[in-house]
Structures are given as C-alpha cells and as structure tokens.
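To start, the structure itself, in structure tokens.
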Amino acid sequence: MASADTAQGSAPSHAEEGRWVGEYQLASGTPLASLWADLRRDVPGRVLLISGRGFDPRMTLGASVLSAAGWDGQVTVALLTWGGGVASPKSLDVLATENLSRLTTLLPSATIEAVAINTANNSHVVSANSAGALVSKLVSLGAFSHIILDVSALPRALYFPIAAALLSEADALRAEPPINVHVFVSEDPVLDGQIRDQELEERAEYLPGFTSDLASESHAHRSKIWIPVLGEGQAEHLSRIYTHVAPNEICPVLPSPARDPRRADNLVLEYHALLFDQLRVEPRNIIYADEQNPFELYRQLHRTIQSYESALLPIGGCRCALSAHSSKLMSVGVLLTAYEMKRTGHSIGVVHLESTRSDISFDAALGIDDLTRHSELHGLWLAGECYVV
Amino acid sequence: MRESRNPFRLRAAEQIESDSTFARLFEPGMLDALPPQSLSVPLTVLQSAPGAGKSSLLRLFTPSVLEHVRQNGQREEYKELSARLRALGAFTPDAVQVLGAPISCAQTFANLDELEGRGQTASLRLFLALLNARIILSVLRSAASYCQTPLATWLGRARVAPPDGVELPGVAFPCTGAELHGWASTLEGRVAATLDHFGPISQEPDLRSPDTLVALSLFGDGALAYEELALPKRVLVLLDDVQWLTERQREALRTSTLRGRSPAMVWMAERYESLAPDEVLEGAREGRDIVLVRLENFWRQSANKRKLEHFLRNLGNRRARVATDVEVHSLDDNLRDILEGPKWTQLFEQALRTVMDRVELVGEKDSRFRDWIAEENANAGSAYEKLLNWRRLEILVERVRGRAQLDFGLVLDPSQREESDGSDIGAAAALFVAREFKLPYYFGSATLTSLASSNVEQYLALAGDFFEEIVSATLLGRASHLVPLRQDRLVRDAASARWKEIPSRVNHGRAIKEFLQNAGSFAAGVTYRPTAPYTPGVTGFAYLMRDQDRLYKKYPELASILASAVADNLLEMSPEYLCKGKAWMLYYFNRLLCVQFDLPLGYGGFREQRLETLDGWRTGRIHSVQRDLMGVTDGVS
C-alpha cells in the first residue's frame with residue numbers, strides 16, 4: 001500500500017457521505033515519485049497510461065514518473081488523437097515529434113498504441129457513448145492493475161467524458177482486486193497563461209455524460225444553480241455559459257488559499273461588472289476553495305449542492321450546473337463532484353464552452369525541458385485498493 | 001438574486017425574473033416589426049443577429065406576461081403595449097387568446113445527431129420524439145401558469161381531449177393532464193438517457209412516439225380543459241434559438257410544421273448563423289403560410305428609421321426609471337450635447353488659429369482665394385462656429401486647387417463659394433476638426449441611438465455604460481450630467497472592446513477582423529482626403545447585385561466572411577440598393593466599427609468595389625492605389 005507521505009485528507013461527514021469527502025489520495029513532486037515506487041512493490045501488475053498526443057510540452061511528465069519508478073516494461077501507452085482545431089505551426093509539430101521521441105526514450109519497452117477518438121463535427125467534443133466505447137476498447141488492451149488518465153495534454157471536453165467513463169467502467173466491473181484508476185495532471189500557471197483561448201464555439205454546451213436533467217422540460221420548475229470555478233480571462237466564456245444555463249442562482253468559486261494571495265481579489269476585480277452588475281450575484285454566495293487541492297474543491301461543491309438541495313426541496317428541489325474556468329487541477333475537482341453526485345442520483349451537470357483556436361505564445365524552440373521548468377505533476381488516485389475498507 | 005442598480009445591464013428576456021418588470025421594461029415599439037397576420041399564419045420566423053430582441057418578443061407572448069398586461073392595460077405604463085397586443089389578437093378585453101409555450105432549441109437537440117453509430121432516420125426519430133415531448137410539457141406548464149395554479153395540482157384536475165383522429169401510443173384520450181405529462185416526461189427521460197449513457201447503445205430506446213410532430217395536432221380549440229376556467233383558444237409554440245438545431249432537424253421542423261395544418265401556431269426565432277451564406281445574403285422566401293420577420297431589415301427601412309430612434313429612446317428611458325439606487329427619469333436629459341465653457345473656448349480658439357494660418361498661407365501663395373478669405377475673416381460667430389467655417393473653407397480651397405481645369409488665376413467670387421458649399425461639407429468639417437484636435441465627436445442622445453446599429457443589445461450595452469456613470473455621480477453627490485468628453489470616451493472604449501472581441505465572438509472571427517481592418521482603413525483613407533470627396537464620409541462598400549452568383553462560386557471564403565459578419569451584425573446589409581441606375585449589394589459597417597475608424601455615423605456614403613478588391617481585403621493582397629490611401633505598407637499590388 002502507498003506510503004502515508006502523500007496528502008491523505010479526512011473531513012467531517014455530512015448528511016450524505018461523498019466518495020472522496022472522507023479519504024483521498026493526492027500527491028505531487030517527491031511524494032508522487034515515492035507513491036509510484038511503493039505501488040510497484042505493493043500493487044504490481046500492468047499499467048495503462050492514457051495520454052493526449054500532441055505538442056503540449058507536459059505530455060510526457062507522467063511517463064517520467066513511471067519511468068523513474070521502474071515501471072517500464074509493464075506499461076501500455078494509449079496516445080489519443082482527435083479531430084478539430086486548426087493546422088498547427090511547424091514549430092509545434094517539432095514539439096509533437098520531440099514528445100513522441102521522449103516518450104519512447106523514457107519507456108523504451110512500453111507498448112505504444114495510437115487511438116483515434118471519434119469526436120463530433122470535427123470538434124474536441126466526444127459523446128458519452130463514444131467515450132464509453134473508447135474506454136471499453138482501452139481496457140481490453142490488457143489486464144491492468146492501474147489505469148492512469150494523464151489529462152495534461154487533453155482538452156476538457158475530452159477528458160471529462162473519458163474520466164467519467166473510466167470511473168463508470170471501474171464501478172460497474174466491481175473487479176476483485178479492484179481496478180486502480182488514477183489521474184495525472186500538470187499544473188503550470190506560466191505555461192497555461194501562454195496558451196489562451198482565442199476563438200470560441202458560438203455557444204456553451206452541457207458536456208456529454210454530464211447533461212443530467214439540466215436541459216429537461218419535465219423539470220423546468222426546479223431552480224437552477226450555476227457554480228462556476230473562476231479563472232482569469234474567461235469573461236466571454238462566463239457570459240455565454242450564463243446564457244445557456246439561465247440559472248436562478250449563481251455561486252462563483254474563488255481560489256483561496258492560493259499561491260498568489262491576491263488572486264481571489266484580482267478575479268473579483270476582473271469580473272466585477274459581469275458578476276455583480278449584470279448577473280446580480282449575491283456576494284454571500286461566493287465559495288472559496290484551495291487552488292492546489294481538487295478534493296477540497298470537491299468537498300466544498302458537495303457541501304454547497306447538498307445545502308441548496310435541502311433548502312429548495314419544499315419547492316421542488318434544484319438542479320446544479322458546474323463549469324470549470326480555472327486550472328486543470330481545479331477542473332478535476334469539478335469532474336469528481338459531477339461524476340459522483342450524478343452517480344448517486346443528484347441532478348448535476350457540467351457546462352462548457354469549447355475553444356476552436358488557441359493563441360500559443362510560448363517559444364517552442366526553447367524545448368520541452370525549458371518549457372516545463374515550472375510544471376508540477378499531481379497524481380490523484382480516484383478508485384481502487386486504497387479505498388477498499 | 002440582487003436588485004440591479006443599473007437596469008440597462010439586464011437583458012430583457014433572460015435576466016428579468018418577474019413578469020411585471022419584464023412587461024414594464026418592454027418597449028411597445030418593438031411590436032411594429034410584427035406583421036398583423038403573425039397570430040394567424042401557421043409559421044412565423046423571426047430572424048436577426050444576436051441581441052435584436054427576438055427572445056423578448058417570444059417572452060411577451062407567454063401567458064403570464066400577456067395576462068399581466070391585459071389586467072393592467074388601463075395603467076399608463078401599459079396602455080400602449082396593451083392596445084398593440086389587442087390589435088394583434090393576443091387578447092381581448094376579457095381574455096388572453098393565445099397560449100404561448102416557450103421551448104429553447106439550444107438544449108440537447110443537436111447532440112442527437114452526434115450519437116455514434118446511429119443513422120439519419122434513427123436520429124430524426126429521436127429528434128421528433130424529444131420535440132413532441134417538450135412541446136407537450138411546455139404547453140401543459142403554460143396552461144397551469146395561465147390558470148395561476150401549481151403544476152401538480154393543475155395536472156391532476158385538467159382534462160385533455162385532442163381533436164378526433166389524433167392518437168398517441170400508450171395514451172387513452174381523453175386523459176388527465178397528469179397522464180399526458182407522465183407520458184411526455186418519460187419520453188423526454190428516455191431520449192436524454194440515450195445521450196448521457198457511457199457506452200455504446202446496444203438497442204433502440206423504446207420511444208413510443210410517432211415519427212411526426214404530433215404534439216402540434218394535440219391542442220385544438222377546447223382540447224385542454226381545467227375545471228370551469230376557459231383556456232386560450234390557440235396554442236402558440238415559441239421556439240427560441242432554432243439556429244442551434246442541425247440543418248436536417250431545422251428542415252424536418254419546418255416541413256412538419258407546415259405539412260400538418262395543425263391547430264397550433266409556431267414561432268421560430270433564429271439567428272442568421274443557422275443559414276447558409278447564400279440564405280443570409282439573399283434572405284429566405286416567404287410563402288402564404290409563413291411570415292418572415294428580419295428585425296434589423298425592418299428597422300433599417302427608411303420609413304422606420306424614426307420609429308427606431310423613438311423606440312430606443314423610450315426603451316432607455318423606461319430602463320432609467322426603474323433604477324433602484326437613484327431617481328433618473330430620463331437618460332436623454334442627462335446627456336449633454338454641447339461643448340461649452342472657457343476650457344473649450346480656449347481650445348477652439350487655438351484650433352481656429354491653426355486652421356486660419358493654414359488657409360491664409362495658401363491664400364498668400366494663390367490669390368484666387370483672396371475674396372473668400374476676406375469674407376471669412378469678416379464673419380462673426382462663436383469660436384467653434386468660426387473653426388468649422390474656416391475648416392469648410394479649407395476643404396473648398398483644396399477642391400479648387402485639385403481641379404484640373406484652367407481658371408486663368410482669376411480671383412474667385414464669394415458667390416462661387418456658395419455654389420459649391422453645402423451642409424454635407426459642414427458635417428465633414430466637424431469630423432475633420434474633431435479628429436485633428438482630438439475633440440469629442442460621438443456624444444448626445446441622437447448619437448447614442450445611431451450607435452445601436454438597429455440592435456437592442458448594443459444600445460443597452462452602450463446606454464448601460466452611460467447610465468453607470470450617471471448613477472455613480474449621483475451616489476457621490478456630483479452633477480449627474482454626462483459631459484460630451486466623457487460620452488465620447490465611453491463610446492470609444494466600447495468600440496475598442498467590441499473590436500477586440502471579434503475573434504472570440506464570431507465564426508471566422510480572425511478572418512473577419514482582418515477583412516474589416518482593411519475595409520475600415522480604406523473608408524477612413526477616402527473620408528479624410530483633404531478634399532473630403534465623399535462627405536460626410538464613407539461608411540460602407542457595395543458590389544453589383546449581379547455579381548452575387550460569382551461571389552459564391554469564385555470567392556466562397558469571402559462569401560462566408562460577409563455572411564458571418566452580417567450574422568453578427570458587424571455589417572449591415574441592404575440588398576438591391578439602387579444607385580446610378582444599377583442594383584447594388586450594399587454593406588454598411590456596424591456603427592461601433594465606424595467609431596473604431598473615426599468615421600461619421602451617417603448612412604449614404606459608400607464606395608462601389610469589385611469582388612476582386614473585396615477579396616484582396618480578405619487576403620491582404622491590396623492594390624497599390626488603395627494601399628496608399630489606407631496607409632498599408634506591406635500589401636501586394
């Protein structure tokens with residue numbers, strides 16, 4: 001079993017115990033490296049690493065951890081490719097090639113499979129049943145003890161349904177011993193700031209698999225609560241998502257604690273006119289969550305949604321729409337909340353506005369090592385042996 | 001949610017929760033755009049760019065809003081709206097006549113076409129099943145709302161008896177509202193579950209719904225009954241955001257609506273995005289069963305321009321009156337439209353000196369203008385009037401100097417000046433001095449309505465910026481009037497923000513911005529030539545109507561750019577515009593774009609262009625003559 005050096009949280013229980021409200025496994029840096037070294041000893045077997053294939057310099061950080069922990073030889077890498085987007089400049093193609101070459105250097109004995117995802121209308125959006133079919137196909141590539149979804153180089157519209165389909169598959173199989181599902185996510189505000197959405201889809205959409213009854217006419221009488229997890233430069237996203245959801249109540253989430261202690265204040269300044277003048281958000285509705293801990297965000301969201309449900313029950317209950325505008329790490333907290341609460345019968349969905357073109361301002365010529373200098377890989381163990389009581 | 005201190009920030013349809021507030025803020029002039037037969041034909045299609053007021057129109061016809069207006073029709077604030085709705089047939093003094101049932105097409109429908117491994121027929125079946133379910137659910141909810149009864153109670157006591165021959169699998173008519181609601185609810189749930197399921201769909205869901213839009217046939221006169229209460233005779237299905245349906249779904253919807261000859265009427269509101277470029281640029285064809293309303297086109301007809309100005313002013317004043325933090329009765333009254341005070345006088349005098357020096361310098365070298373200059377020196381007036389007059393004279397002098405004909409150096413008579421002078425030159429002079437001396441140009445109530453470009457949302461956004469300043473000044477105990485300089489700054493900031501957001505807001509955003517940059521630079525280059533050849537300025541371009549086919553065939557990318565720009569109201573289109581004995585396809589810039597390029601806001605000034613030239617604006621391959629005008633240095637001739 002993993003060492004206790006990783007962040008293992010516990011929290012007071014609530015009316016309904018959420019899956020990760022009590023225990024969770026989150027690690028980064030040296031503890032993450034130790035965790036995977038320990039897992040090799042305690043929970044051996046084959047590993048399936050699912051990652052996006054592309055130019056993102058963070059694509060191989062997960063493979064580095066496995067390589068350093070001596071998993072080479074037990075790894076199958078599924079490199080996902082998808083349609084959509086526009087032709088990338090040559091410098092980015094060079095990075096994509098460098099990524100592939102680095103992957104084979106890190107895991108020379110690994111089996112590498114290229115897997116094409118069937119996305120809708122040449123976009124980044126994969127339907128729920130396509131995500132399910134994809135996961136079934138990936139799982140059948142071998143008998144795996146660990147399945148890792150590395151979301152570092154994957155767009156949100158892809159990794160949300162795929163992660164949910166993975167968890168759904170693991171939950172449905174009830175295998176003995178259980179399948180261990182992990183998520184790797186690289187956090188790098190500098191690099192994130194250099195990849196900005198430029199052109200957006202015309203409208204927001206509920207992510208496939210996370211529609212729930214939010215779009216339902218049968219439940220139109222139920223109030224809608226929208227919980228956006230705020231990040232910088234997302235005014236247009238927020239505005240369009242608001243139009244799509246048409247919520248009765250809005251509870252924005254601000255990052256606090258955060259590495260930059262003024263980040264929450266700056267976000268309030270950035271969105272003041274939109275949130276408080278146009279959308280008339282009640283300041284008391286603001287939720288604060290640790291920007292470095294998706295499980296903490298999960299807890300906050302879980303608690304908030306349960307409060308609204310119980311308060312609004314006498315007038316028919318409520319439906320909750322979540323949207324992630326912050327880092328990928330925080331978005332995983334949104335994903336966990338939506339998956340788990342939907343599975344346990346809550347009315348919850350995830351709404352998203354896809355970018356059709358990104359403006360990449362980093363200098364690809366710097367190379368992967370330089371570009372990922374500030375990147376920090378986080379590992380979340382979502383399902384499997386560590387949760388067996 | 002909180003009360004808004006700035007009611008201009010509320011978009012009418014989506015953000016106003018209470019029906020009474022919505023009705024109070026609704027400006028009746030909007031109904032001018034609806035033809036009188038809109039509540040009698042089977043299908044009415046409302047088309048516009050985003051923000052023109054489609055959703056507000058739909059919401060007006062929901063039962064709770066109609067009933068509120070009917071009951072309060074004698075109150076001053078509702079009198080005009082009530083009279084107009086009565087004239088349309090929405091209600092009589094005794095009762096509401098139509099039961100509006102709103103449905104958004106933005107949710108779920110399009111995803112049905114994306115299900116893996118499903119054929120077109122199966123996807124269309126799912127679409128029709130979901131639409132049937134949602135129409136039924138919405139009609140029942142609207143009926144309960146009309147009866148002011150909680151839905152659950154209403155459903156238990158209501159009876160549904162459709163016209164003879166209308167059947168639903170699994171429902172025995174007549175039935176209770178609850179039975180029909182349960183049927184539709186189950187159907188909606190089954191379709192939604194297909195979408196949310198992680199994994200391949202092993203078998204077709206059990207839909208138990210016909211492959212037609214049967215829901216439109218269900219609700220004939222008397223089909224719904226609730227105790228002793230009389231319900232509106234006709235159902236009006238209000239479909240919003242139809243542009244988000246797939247092309248196949250839209251086609252199926254239109255066909256089903258017109259084929260069935262059903263008792264229910266349908267209104268569809270859609271943006272131009274849903275239309276193919278040729279549809280956007282040409283317009284759909286109306287038939288005897290369809291009323292097509294293109295909102296911007298209606299307002300842009302010359303007969304309706306004054307109506308639009310009146311409509312927008314009233315809209316602004318209505319919003320101002322409902323502000324909670326301050327008492328502002330009228331937005332207009334708070335917008336200063338004169339540049340006055342010692343600071344301005346001093347600035348005008350400095351500017352006047354500059355212009356006079358320039359003209360007199362020319363006069364020293366060219367004696368033909370001696371009498372013109374002497375006459376101007378003798379004229380009285382305020383510093384600003386003198387400044388404008390001298391600038392007019394400068395334009396006229398440049399025109400004479402630019403003429404090729406020989407005049408033997410004779411001194412020009414003042415009467416010759418009068419012949420060539422005109423009010424349009426005065427307008428050009430005002431524009432020129434504003435740019436040269438950085439004077440405010442975009443201010444005043446009339447300017448604010450012009451800047452709307454026939455779009456309600458654009459007007460509300462700008463007026464909201466103005467109102468925000470008025471509220472802040474009032475709260476701080478300062479004078480609430482907004483001075484011209486500040487108005488001009490706010491307008492320029494809004495124009496700049498709109499310009500920056502084009503890539504993220506519109507289809508083909510980057511390409512459109514590039515095209516508009518070149519088009520705008522060209523217009524500014526021509527406008528600001530010293531002779532002011534197209535007074536007061538160029539704010540649009542046109543190509544021959546007969547080139548339309550060539551546009552689609554030879555320049556499909558240009559056609560897409562133009563269509564997307566029209567769809568987002570960045571360009572205002574006037575087909576079949578007659579000028580110089582020819583028909584033109586005329587495009588004016590959105591008036592906020594005019595601000596971006598320091599252009600005037602009037603209409604009428606446009607330049608004819610060949611398609612090749614327009615495509616050059618798209619690709620950057622710009623002819624050298626135009627390049628010089630535009631100040632472009634890296635184009636290709």
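Order of the sequence lines sets the chain letters (A, B, ...), proteins ahead of strands, with each chain counted from 1.
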* Asked: Hey, does A/Leu238 have a side-chain heavy atom less than 4.5 Å from the side chain of A/Tyr242?
  ->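 No, too far: nothing below the 4.5 Å cut-off.
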* Structure fact -> With A/Leu166 as partner, the option from A/Val183, A/Ile147, A/Leu138, A/Leu48 fulfilling side chain to side chain contact (heavy atoms under 4.5 Å, CB included) is A/Ile147
Looking only at heavy atoms and a cut-off of under 4.5 Å, which of [options] has the most pairs with chain B?
| options | value |
| --- | --- |
| A/Arg240, A/His237, A/His219 | A/Arg240 |
| A/Ser168, A/Pro161, A/Ala204, A/Ser216 | A/Ser216 |
| A/His244, A/Lys342, A/Glu236 | A/His244 |
| A/Gly209, A/Gly349, A/Gly316, A/Ala235 | A/Gly209 |

* To do: Given side chain to side chain donor-acceptor pair (under 3.5 Å), test B/Ser123 with B/Arg248 step by step and report yes or no.
  => CA-CA 10 Å; B/Ser123 294; B/Arg248 253 201 328 261; 4.9 Å; no
* Asked: Does any donor atom in the side chain of B/Arg498 or B/Gln458 lie under 3.5 Å from an acceptor atom in the other side chain?
  -> yes
